[in-house]
Amino acid sequence: MLKPQLRHVKFDSTGFSCPHCSLGRRDSGLPPGRFVRHGYYYRSSDRASITRFRCLACKRSFSHASYHPCLHQKKRQINTTLWRLLCSSMKMRRAADMLGVNRKTVARKARFLSAIARLEHHELLKTQAHRLKKLQLDEMESFEHTKCKPLSIPLIVDQETRLILALGVCQMPAKGPLAEISRRKYGPRPNERVPALRSLLRDVRYYTDQIESIRSDSHPYYPPLIKEVFPKAVHDTVKSRRAASTGQGELKKGRWDPIFSLNHTAAMFRDNVSRLVRRTWATTKRRDRLGDHMYLYVVWHNRKILETLRP
């Protein structure tokens, strides 16, 4: 997903123009319009007094809040706190109980905050593209509604800084003893792993094609896809290792893990995103909502990494 957009939100490159008409916008080719103050109003959600303006061209009024992504929100004061809770292994029902709001409000705000997170992640990759030289690629596994409906979560991480660069959520068929049960109850389940992996690699290439090496395990899906998207990059494969009891199966036994950056990041996902914790009551019902929840943590994780990289 490249260049994500927020729907029903008006942004303007000049910073200040009438949202109701094209006067004063750079893309209209017209000179800047004139505005006059038109009183103010009290915003109860954050106890702020917002100045209003009146456009002399279309005779309609607007304010600085007309450009804000939280336009028309009644509970904007809980946005930051909710983001923090959802990135701290807090379930949505418990977050609604702690914030004193309906769980439907939490569900709607999670979608809104995810759109903000995707925009912020897009801007972060543009500014950090020069750092990206060595990547690590692997997949996590989860499920939707039942273990008979497994999900694959491909993940790309920068080897040096542990910045999360891209992730996706896609369907995959059940394996092992659950395969026959899954086919009998829910029918054939498509395998979307290869298209999802190709899409993630292309997303990274959109920001930079100067990748020197990509390290992954020895899964047969990876070599042809990496050769297709990054023909100049060196693909370094490592043998899969037995999981340790810690890290919910993501961390590996032994003193040195060749793809430690990715496995450690995956273990942090398991610990901080309630939908991914193994052996828990928190399960996801829709895979797109799982992707939304994970992108909240992606931005939260990358913020903390960038704080340590600043001189």
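Basis for what follows: all heavy atoms, side chains included, without hydrogens, waters or symmetry-related copies. Start at 1 with the first residue, then count along the sequence.
The backbone N or O of Ile305 sits less than 3.5 Å from a side-chain atom of Thr308, completing a donor-acceptor pair. A donor-acceptor pair under 3.5 Å links the side-chain atoms of Asn272 to the main chain of Met268, judged by distance alone. Between the Arg162 side chain and the Thr265 main chain, no donor and acceptor come within less than 3.5 Å of each other. In this structure a side-chain-to-backbone donor-acceptor pair under 3.5 Å is present from Arg76 to Cys70. Using modelled atom types, no side-chain atom of Ser88 and backbone atom of Met90 make a donor-acceptor pair closer than 3.5 Å. Judged by distance alone, with hydrogens and angles left aside, the side-chain atoms of His121 form a donor-acceptor pair with the main-chain N or O of Leu165 at under 3.5 Å. The closest donor-acceptor contact from the side chain of Thr81 to the backbone of Ile78 lies at 3.5 Å or more, if one exists at all. Between the side chain of Ser199 and the main chain of Pro195, no donor-acceptor pair closer than 3.5 Å is present.
Taking CD of Gln128 as the start and NE2 of His130 as the end, the distance is 5.5 Å to the nearest 0.5 Å. Atom NE2 of residue His38 and atom NZ of residue Lys59 lie 11.5 Å apart, to the nearest 0.5 angstrom. Between the CG atom of Leu137 and the CG atom of Asp217 there is a distance of 8.0 Å, given to the nearest 0.5 Å. Rounded to the nearest 0.5 Å, atoms CD (Glu160) and NZ (Lys134) are 5.5 Å apart. Separation of atoms CG (Leu276) and CZ (Phe269) is listed at 7.5 Å; rounding is to 0.5 Å. To the nearest 0.5 angstrom, Gln136 atom CD is 11.0 Å from Ile214 atom CD1.
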Go through it in stages, so that I can follow the logic: the residues are Arg118 and Asp292, the test is side chain to side chain contact (heavy atoms under 4.5 Å, CB included), and I'd like the CA-CA distance, side-chain angles, deciding distance and then a yes or no.
CA-CA 9 Å; Arg118 292 171 192 268; Asp292 290 345; 2.9 Å; yes

Could you walk me through whether Arg193 and His219 pass side-chain hydrogen bond (donor to acceptor under 3.5 Å, both in side chains), step by step?
CA-CA 12 Å; Arg193 296 172 63 186; His219 197 284; 3.2 Å; yes

Tell me, with the steps shown, if Cys55 and Arg60 meet side chain to side chain contact (heavy atoms under 4.5 Å, CB included).
CA-CA 6 Å; Cys55 177; Arg60 301 178 68 179; 5.7 Å; no

Would you please test Tyr222 and His235 for ring pair (Phe, Tyr, Trp, His ring centres under 6.0 Å) and show each step?
CA-CA 9 Å; Tyr222 301 155; His235 183 203; 7.1 Å; no

Would you please test Lys104 and Arg108 for side chain to side chain contact (heavy atoms under 4.5 Å, CB included) and show each step?
CA-CA 6 Å; Lys104 294 180 182 179; Arg108 294 190 187 102; 3.9 Å; yes

For the pair Ser213 and Leu135, evaluate side chain to side chain contact (heavy atoms under 4.5 Å, CB included) and give the outcome as yes or no after the intermediate values.
CA-CA 6 Å; Ser213 66; Leu135 308 182; over 6 Å; no

Between Lys232 and Gln210, is a side-chain hydrogen bond (donor to acceptor under 3.5 Å, both in side chains) present by the stated rule, with each step listed?
CA-CA 9 Å; Lys232 298 181 180 179; Gln210 304 300 319; over 6 Å; no

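Taking 4.5 Å as the limit, every side-chain heavy atom of Arg37 sits out of range of all side-chain heavy atoms of Arg52. Two residues are said to be in side-chain contact when any heavy atoms from C-beta on lie closer than 4.5 Å; Thr283 and Arg275 fail this criterion. Looking at heavy atoms from C-beta onward, Arg198 lies out of side-chain contact with Leu201 at the 4.5 angstrom threshold. Contact check for Phe143 versus Cys148: no side-chain heavy atoms found under the 4.5 Å cut-off. Counting heavy atoms from C-beta outward, Glu228 and Arg202 have side chains that approach closer than 4.5 Å. In this structure, the side chains of Cys87 and Leu296 come closer than 4.5 Å at one or more pairs of heavy atoms. Between Asn191 and Tyr221, the closest side-chain pair of non-hydrogen atoms falls below 4.5 Å. In this structure, the side chains of Leu86 and Trp300 stay at 4.5 Å or more apart for every pair of heavy atoms.
Looking at Lys149 and Glu144, no side-chain N of the basic residue comes within less than 4.0 Å of a carboxylate O on the acidic one, giving no salt bridge.
Hydrophobic clustering, with ILVMFWY side chains joined whenever heavy atoms are under 4.5 angstrom apart, keeps Ile50 apart from Phe53. When hydrophobic clusters are built by joining Ile, Leu, Val, Met, Phe, Trp and Tyr residues whose side-chain heavy atoms come closer than 4.5 Å, directly or via intermediates, Leu197 is grouped together with Val194. At a threshold of 4.5 Å between side-chain heavy atoms, the hydrophobic network of Ile, Leu, Val, Met, Phe, Trp and Tyr places Met98 and Val101 in one connected group. Under a hydrophobic-cluster definition in which Ile, Leu, Val, Met, Phe, Trp and Tyr are linked whenever side-chain heavy atoms come within less than 4.5 Å, directly or via other members, Ile259 and Leu132 are assigned to different clusters. Under the 4.5 Å side-chain contact rule for hydrophobic residues, Ile164 and Leu151 share a cluster.
The environment of CZ in Arg94 is sparse: at most 12 heavy-atom neighbours from other residues, nucleotides or ligands sit within 6.0 Å. Residue Arg43 places its CZ atom among more than 12 non-hydrogen atoms of other residues, nucleotides or ligands, all under 6.0 Å distant. With a 6.0 Å radius and a threshold of 12 heavy atoms from other residues, nucleotides or ligands, Arg47 has its CZ atom at or below the threshold. Remark: Tyr41 OH is packed, more than 12 non-hydrogen atoms of other residues, nucleotides or ligands lying under 6.0 Å away.
In this structure, Ser218 and Thr237 approach most closely via the heavy-atom pair CA-CB, 4.5 Å. Taking every heavy atom of both residues into account, Val106 and Leu82 meet most closely at CG1-CD1, 3.8 Å. Summarising the geometry of Pro231 relative to Arg205, their closest heavy-atom pair is CD-NH1, 3.7 Å, with the distance given to 0.1 Å. Annotation for Val299 and Ala117: closest pair CG2-O, 3.2 Å, computed over non-hydrogen atoms. Between Pro258 and Val238, the shortest heavy-atom distance links the atoms CB-CG1, 3.7 Å.
Under the 3.5 Å distance criterion, with hydrogens and angles disregarded, a donor-acceptor pair is assigned to the side chains of Thr161 and Asp158. Remark: the Tyr297 side chain and the Asn302 side chain contain no N/O donor-acceptor pair separated by less than 3.5 Å. Residues Glu139 and Ser152 have side chains that bring a donor and an acceptor to within less than 3.5 angstrom of each other.
A cation-pi arrangement is found for Arg303 relative to Trp83, the charged atom lying closer than 6.0 Å to the ring centre and inside a 45° cone about the ring normal. In this structure, Lys126 forms no cation-pi arrangement with Tyr207, as its terminal cationic atom is not both closer than 6.0 Å to the ring centre and no more than 45° off the ring axis.
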For residues 166-180, tabulate all N or O donor-acceptor pairs below 3.5 Å that involve a side-chain atom, not counting sequence neighbours.
{"unit_1": "Lys175", "atom_1": "NZ", "unit_2": "Glu141", "atom_2": "OE2", "d": "2.8"}
{"unit_1": "Glu180", "atom_1": "OE1", "unit_2": "Arg183", "atom_2": "NH2", "d": "3.0"}

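In this view, Asp209 satisfies the side-chain hydrogen bond (donor to acceptor under 3.5 Å, both in side chains) rule with no residue, not counting sequence neighbours.
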